[in-house]
Amino acid sequence: MTTDALTTFVSSRLEAVADTEKAAPMAAYMKTEMTFYGVKKAGRTPIVRDAVKRFPPSDRSSYEASVMALWILPHREEKYVALGFARAFPKYIDARSLSLYRRLVVEGAWWDLVDEVAIKLIGGALRTDRVEGTPFVRELVEEDDLWLRRTAIICQVGHKADTDTQLVEDAVVPNMSETDFFIRKAIGWILRDYAKTDPEWVRRFVDAHADELSGLSRREALKNL
């Protein structure tokens, strides 16, 4: 399968339902100069579904090529479709795809793209293969790129009882002095999420690091306790 048919299909479908009145406000909300079609999630969902049905990848190489072909298109919604397409094939969401997902984080560099990659793709690959996935996440903790570090922190959101608490701690502790909002929010998010499973672990962690956690991270962590 060539990717040309896939990208033409997706772009033409998005163009058909484009709403220019919504495009500018959507770009303003995301604080980006990237072009929008003005198609919200409800309008994108059937396009992703049909693209997945019509253009299933035949192998891993085809999967990666399809995701990237959609990802490099110029509109924001095409990147959203790329992520939806990537999520639709669980057989490829494993450690072998981590380098692809890392690229998406670096190039996405904003929460609307990064968070889905972090939680659904990298987090999914981690659950599938912790032997290879865990060292990958630990490497992200050391990165200068804040989006890679945010990914390391939040990639276990939703893992519940399968959460590797040592990995959570190893991702959070080196970033507690970070002043960036997105890092502080990420710390609070993973702690708040895990508190649904083990509230006492989260209480102990927050108490142990009371002088190091930012007010935002602490408030988020304890929000539901």
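Both backbone and side-chain heavy atoms feed into the values below; hydrogens, waters and symmetry mates do not. None of the values given here were measured: they were computed from a predicted structure.
With respect to the salt-bridge test (charged N to carboxylate O, under 4.0 angstrom), the residues D115 and R150 qualify. Comment: E116 engages R87 in a salt bridge, judged by a side-chain N to carboxylate O separation of less than 4.0 angstrom. A salt bridge is defined here as a Lys NZ or Arg NE, NH1 or NH2 lying under 4.0 Å from an Asp or Glu carboxylate O, and R149 with E142 fails to meet this definition. Ion pairing between a basic and an acidic side chain is recognised when a charged N comes within 4.0 Å of a carboxylate O; R60 and D94 show such pairing. A salt bridge links K185 and E220; the closest N-O separation between the charged side-chain nitrogens and carboxylate oxygens is under 4.0 Å.
The structure places CG of L167 at 9.0 Å from CD1 of I190, a figure rounded to the nearest 0.5 Å. Here the CZ atom belonging to R103 is positioned 8.0 Å from the CG atom belonging to L100, to the nearest 0.5 angstrom.
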Subject >> Steps toward ring-ring contact (aromatic ring centres under 6.0 Å, His included) verdict (W110, F182) >> reply: CA-CA 9 Å; W110 198 241; F182 289 103; 5.1 Å; yes
**OP:** Test side-chain contact (heavy atoms from CB on, under 4.5 Å) on F9 and D4 and set out the steps.
**Re:** CA-CA 8 Å; F9 173 80; D4 291 346; over 6 Å; no
Original post:
Between Y80 and V39, is a side-chain contact (heavy atoms from CB on, under 4.5 Å) present by the stated rule, with each step listed?
Top reply: CA-CA 10 Å; Y80 297 150; V39 182; over 6 Å; no
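With contacts defined as side-chain heavy-atom distances shorter than 4.5 Å, the pair I93/T128 does not qualify. In this structure, L126 and C155 have side chains that are in contact, with non-hydrogen atoms separated by less than 4.5 Å.
Checking E78, R76, K22, E77 one by one against Y37, the side chain to side chain donor-acceptor pair (under 3.5 Å) holds for a single residue, E78.
More than 12 non-hydrogen atoms from other residues, nucleotides or ligands lie less than 6.0 angstrom from NZ of K79.
Taking the six-membered ring wherever Trp is involved, the centroid distance between the rings of W147 and W111 does not fall below 6.0 Å.
Partners of E200 under the side-chain hydrogen bond (donor to acceptor under 3.5 Å, both in side chains) rule, at least two apart in sequence or in another chain, do not exist in this structure.
Using bins of under 30°, 30° to 60° and over 60° for the plane-to-plane angle, the ring pair W201/F205 lands in the parallel bin.
Shortest non-hydrogen contact noted between A221 and A195 is O-CB, 4.3 Å.
Counting only distance, with no hydrogens or angles, the side chain of T3 and the backbone of A69 share no donor-acceptor pair below 3.5 Å.
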